[in-house]
Amino acid sequence: MSADADKPPIARRVALHAGLIAMCLAIVLPLLWVLRVSFVAPEQSYSTTLLPGFSTQNYQALLSGRFGRSYLNSIVVSLGSVLIALPFAAMTGYAFARFSTGGRFARFLMLATQMLPPVALVLPSFTLLKGLALTNSLTGLVLVYAALNLPFLTWILMGFFKAIPVDLEWAALTDGATAWGAFWRIVLPVSLPGLAAAGVLGFILSWNEFLFALVLSGPSTQTIPVALAALQTSNGVQIGNVAAGVVLAILPLVVASRFIQRFLVEGLTYGSVK
Amino acid sequence: MSADADKPPIARRVALHAGLIAMCLAIVLPLLWVLRVSFVAPEQSYSTTLLPGFSTQNYQALLSGRFGRSYLNSIVVSLGSVLIALPFAAMTGYAFARFSTGGRFARFLMLATQMLPPVALVLPSFTLLKGLALTNSLTGLVLVYAALNLPFLTWILMGFFKAIPVDLEWAALTDGATAWGAFWRIVLPVSLPGLAAAGVLGFILSWNEFLFALVLSGPSTQTIPVALAALQTSNGVQIGNVAAGVVLAILPLVVASRFIQRFLVEGLTYGSVK
Amino acid sequence: MASIDLRSVSKLYPNGSYGVRDVDLRIENGEFVIFLGPSGCGKSTTLRMIAGLESISAGDLFIGDRNMNRVPPRDRNVAVVFQSYALYPHMSVRANMGFGLKMRGATGEEIARKTEETAALLGLGQLLDRKPAALSGGQRQRVALGRAIVREPDVFLLDEPLSNLDAQLRAEMRLELVKLHRRLGRTTIHVTHDQVEAMTMGDRICIMREGRLIQAGRPLDIYADPVNLFVARFLASPAMNLLPVRLSQEAGSLVIDGGEGLRFTVPARHVAAYAPHAGTQVIFGLRPEDIYEAPQGARTQPFALRVTAVEALGAEIILSGTAGGGTARPLEITARLSRHARVQAGETVTLHADLLPAHLFDPVSETAIARPSLRGAA
Amino acid sequence: MASIDLRSVSKLYPNGSYGVRDVDLRIENGEFVIFLGPSGCGKSTTLRMIAGLESISAGDLFIGDRNMNRVPPRDRNVAVVFQSYALYPHMSVRANMGFGLKMRGATGEEIARKTEETAALLGLGQLLDRKPAALSGGQRQRVALGRAIVREPDVFLLDEPLSNLDAQLRAEMRLELVKLHRRLGRTTIHVTHDQVEAMTMGDRICIMREGRLIQAGRPLDIYADPVNLFVARFLASPAMNLLPVRLSQEAGSLVIDGGEGLRFTVPARHVAAYAPHAGTQVIFGLRPEDIYEAPQGARTQPFALRVTAVEALGAEIILSGTAGGGTARPLEITARLSRHARVQAGETVTLHADLLPAHLFDPVSETAIARPSLRGAA
C-alpha cells in the first residue's frame, strides 16, 4: 500500500488539474500580454506574433515625458504620508489596544470615518488645502494621504498590539522601565512585523489613490494613477505607453509585497470570532 | 480613602477633558454643519444664524432630479454585487482556511490583486464589458463590483473560518453529517457574524466606489458617488443640494454600521502576531 | 528589610465588583508565602497590586517601612516571574537577563558579570546567546527566574511559574525554587492553585476565595485544622470526606450518628469542645488517609463500607463507597489505603477510622467547630 | 460486535515525518482502553484515524469485521468526545444532543424521547433549553458526553475529555465514566496524558511514544513490569528511582553496587534472571513507595539516605536525598513515606528498600532486563 492511501483516482486528478491550469491562465495571460506590449515597439502592439522584437521604446517615451516626474511624485507622496501617519497610528493603536482609550465608541468612530464616501470628502479637502495655499503641492497631498491613512493604520496596529501579551510590558515595568520605555523598548520591537505590514499597506493605498490626486494635484504634482488616466484619454489610447505605465506602476508594489509577503499572509487575519 | 485611589488630580482632569472636548468638536462640527445646510433653504446656506428655518427643499429638489434614480442604482449595484460575491467568497475562504487550498501562494495572489492600482484595471474592465455589451448597464457594474469584492471578502471570511475550531466540524462529521452538511449546518451558522460583517463591508466598498462607476456607467445608471461629483461640478457647487446628497449618501452606511457595530468592533482584528 | 504589609487592601473594578476585598496580611522579611486558591479568587490580583501593576482601590501597602500605594513598579525593587514567563522575544537570553540591570543604570561590565554568575547558578551558561523561541519550556522557565534573580530584588513575586511545565519538571523545579529561596533569603510570594506546591514550598499558606483571605498559616497547621468547609475541601486530593451527621449525647458519651449503623464515639479529648453542639446536625470531616484497613490500636473505630469503586494507583489504592445514610441517601466515603490492601468493588468491608484528627463543621456557617488542635501537642 | 483492529497502521505527514508508526493493536468488543503518552506521541492522531477524521497512510483499520480505511466518519458509528467539547454554539443542549439522531434520519418523536432519556441519565434535564455558552465547564462536559451516548454508537472515542475540569470534578467524572462504561458496555478508547486516569479507568493501557506503541497491558501489570525506562519514568509521580549501578557476583550472591556503601543483594527469586548480567553497568529501578521507614521483615534491605528535602503533603511525606555515588556523583533517591514519619532535611536516615518488586534496565537499549513477574504469583 502506498504511503498515502487517500489520493483520488488518477483520471479525476488530471481533469481537476487541467481545469485549474486553464483558470490560472485566464488570470495570468492578460498580465503577460501587458508585459509583452510594454516591451515591443508601439506599431507592433497589436501584431499577432508572440514576440515581434524586444524594445524599450515605450519606456523611453514615457519616462522622457511627464511620467518620470509623476513617478517621483508618487514615491514622495506615498512614503511621506506613511512616515507621518505611522507614528501617530502606532501611538493611537497602542492606546486603543492597551488602555481601551475612548472605549468601543472611539473605535467605532474611527472605523466609521473609513465608511464615508471619498467623493464627499474631496471637496472639503480641496477647500481646506486652498485656505492653506497647499493645492497643487506635494505637501498638501502628503498631508491629506496621511489623514486618510491614519484610521486604517491605527486599526491594523491596534490588532497587532492587542496580540502582544500584557505580561511583556509588566515584566519591563518591574524590570525598571517607564511606561514609555516599555512601549519603546519592548512593544515596538516586538511589533515590527506589524509596523512593516501596516507601512506597506499604507504605501499601497496612497500609491493607488486616484480621486484625491486628481482633484488636489496640478500638472507638476500629478501622481501615477492620474498620469495613467491621462495616458488613456488625452490623445487616444497609446496602448504601448499605457502598458509600460502599468508595468512601472505595479513594479514597486511587487517588490514591496514580496518583501513582506510573509508578514502579510501570516500576520493579517481580518476576522476572528471573539 | 476613596474607593478608587488612583485618579489624577482634579485640575489635570478638567484640563484634559476640555482639550478632548475641543478636539471632538473639531471633528463633529463640520458634520453638523453639513446636516444643518441640508435642512435649510438654499439661499440661507451661508447665513450666520444657527438654524434659519427648517426646510426639506434641498431634498425635494434632489430627489425630483436624477439623484433619486442614482440612489436606487447604488442600492441595486451594492446589494447585488455583495449577494453574488458572498457565497463564492464564503466557499473560497473556507477552502483557504480549512484545507490550505493553493497554499501560501494562492493567498498571496489573492492579496496581490488588491494591490493593483484601480486605474490600471478600469480600461480592461471597460473593454471586457463593451465586448459583452454591458457598459452603461447595472448588470455590468454589479459583475465588476462582485469581482472587485471577491478577494477582499474571501480574505475576511478566511479569518473568520480560521477562528472556528476544527473540532466543531469533526463533531458534526462523526455525528453523521457530510462535509457539505458540516459546512452548511455548523460552520455557516457559527460564522454568521463574520458573514454579516463581510457583507456590510462589501456593501460599503461598492456604495462608495467612484472610479469604475464613473467610467462604466451612463446617465441612467450612475451611482451616488458619480451623482455627488456631478453636483459639485455641473453648474457651480449647489451647496444645499450637495449637503443633502452627502447626508443621503451616508444614511444607509450609518444604519448598516450601527446594526453590525458589535460584530465589526468585536470581530474584526486585522493583525495578530502568529 | 523587605517585609510586606497589606492593610485592608481592596481592588474594586469599575463595574462595581471586588477583585480583592479587605485583605490584611503581614509577610516577614525573608518569608516564603504561598497564595492558594481557585482561579478568580484574587490571588494574582493581590500579587499584581504588590508589584504595582494594578492600582490599589482602598487600603495601604507597605514594603519595608514605605507606603507603596503610589510608587511605580520600577521603584519598588520587586521582581515578578509570570506564568507565561514573559521573556522579551526579540532579545537573547543574555539581554533578557541584563535588561533590568541596564534599566537601573548598571555598567556594561557589571551587567556582564552578574548575568554570567546567575546563568551559571541556574545552569544557563550554554544558552546565553539564544533567543527565547529556541528554548524549551523548562529552559524558558529558568531564564525567567534568572531575569528575576540577577537584579537582586527585595521581593520575589511568582505568579504560577510552574503551571506550564510537565509533572516531572514541575516536581524538580519545586525543590529547586525552595533551595533557591533558602540560599537567597529574599521575601517571596508564590501564587498557585496546586495543593502540592502549596503544601511543600512555603513557610505559610494564604488561602483565598472570592477576593477574601480565608486562612493563613503553616501548611501542616492548615491541613490539620481547616477553618471552614472550603479549606477542608480544597487543600487535598482526594478531598476530606464531609458527611452530614447528627451529634448526640448517649449514655455519657458523645456520638456521631450517620444513620444505619455508621456510628462513632467522639474521642474524650474533644468531648468538652463538641458537647455544646449535642443534638444538632453537623458536618463530620474525615480525611481519606485517616481510614485504615486494619485497626490501629485504640485510636480507631470500625465501620462498614459498601465499596463501589476501587482505584488502584500502583502506589496506593483509593476506595470509594457508601456507608450509613438512614434518613437521607447513603453517605459517600473515600478512603486511601496502602497498595497491599485487597478489596473488590461490590464487597462490603470493615474499615477503621481514626477520629482524633477529624473535625466537625457547622452546616450553616460552614465554619469548623473550635476544638483543641493536635498540632501543638503532637 | 465492535472490536477494533489496527494492523500496522501509520500516519505519514506530507513533510515526511511520522505521526503514528506501525501500530498493531486489537481492542475487544466492550473493552475500555486507555491511550497514554506525552503530548505529540500520536495518541490523539490514532484516535482520529479510528474516527475517520484523519486518513490512514498505511496499514488497515477494522471495526468489527469491516475494513474502515476508506469509510467516512458518518458511516463508522463511532462517537467522539473532544477535549474542547466541541458543542455547537448556536444550538440548544437539546439540539446538540439530537443532532446526530437527526442526521441519521430519526423521527422527531424518537429524537425527543432519546434526548430526554439521556439527559435524565446524566442529570441534564434542567439544562435542555440552554445554549452551551450558558453552561459551566462541568455541564458542557456532560452535554458532550450526552451527545455521544444518545446515538448509541458502537465505539466511544474520548480525547482527553477531563483535562479542562478542575481536580475535584475530574475525580468525580473519572468514576462516572467508568460506571457509564460498565452500564453501556460499549468499546471505549480514552486518550489521556494523566497517569491517574490511566491507572484507574481502563481495562488496558496502551503507552505511546513518538508515534509508536511502546507497551500495552493491564494497568497494574504495566506498573509492576515496565518494559523500558520511558514507561518506568512516565507511569507514576513521583517517578521510579532510576540509579546507575554496577551488578557484580560476590561470594555466591548477586550484588547491586551503587558505590559508597549503597549495596543491595538481588533477591534469590531474581538471581537466575539477572546473573548473566553480572559485571556490567545497569540501571536499578526502585519505586519510591518500595522504600520504608522501618524494616518489613526479611523483604527489605537497609541503606543510608542523606536527606536534602522533605515535602510533607499532609497525607504522606515525599523525601528527597542522596546516597551512594562513589565513582560518579551521589545518586538522587526519592522515597514515599507515611505521614507519621519524622525526618528533617539535613539528617542522614536509615531506610529500608524492598528489592523484590525492583527492576534492572539495560543502560544502552533502555529496556528492562527480563525477570519473572511477581504479578501472576502474588
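Reminder, nothing fancy here: chain letters follow the sequence lines and each chain counts from 1.
- In terms of heavy atoms, D/Met91 sits closest to B/Arg185 at CE-O, 4.3 Å.
- At least one side-chain heavy atom of B/Asp175 sits less than 4.5 Å from a side-chain heavy atom of D/Tyr88.
- Of all heavy-atom pairs between D/Arg147 and B/Ala171, the closest is NH2-CB, 3.5 Å.
- Of the two parts of D/Leu87, only the backbone, made up of N, CA, C and O, holds a non-hydrogen atom closer than 4.5 Å to a non-hydrogen atom of chain B.
- By the 6.0 Å contact criterion, CZ on D/Phe62 is enclosed, its count of non-hydrogen atoms from other residues, nucleotides or ligands being greater than 12.
- Put simply, NE2 on D/His90 and CD1 on B/Ile186 are 4.5 Å apart, with the number rounded to the nearest 0.5 Å.
- Expressed to the nearest 0.5 Å, how far CG of B/Leu168 lies from CZ of D/Phe82 amounts to 9.0 Å.
- Of the inter-residue distances, the one linking B/Thr174 atom OG1 with D/Asp75 atom CG reads 12.0 Å to the nearest 0.5 angstrom.
- No more than 12 heavy atoms of other residues, nucleotides or ligands lie within 6.0 Å of NE2 in D/His193, so this atom counts as exposed by the packing criterion.
- Contacts between D/Arg151 and chain B at a heavy-atom distance below 4.5 Å involve the side chain alone, from C-beta outward.
- When atom types are taken as modelled, the side chain of D/Arg74 and the backbone of B/Ala172 share no donor-acceptor pair closer than 3.5 angstrom.
- Most heavy-atom pairs under 4.5 Å with chain B, from the set D/Ala148, D/Pro72, D/Pro89, D/Ala79: that is D/Pro89.
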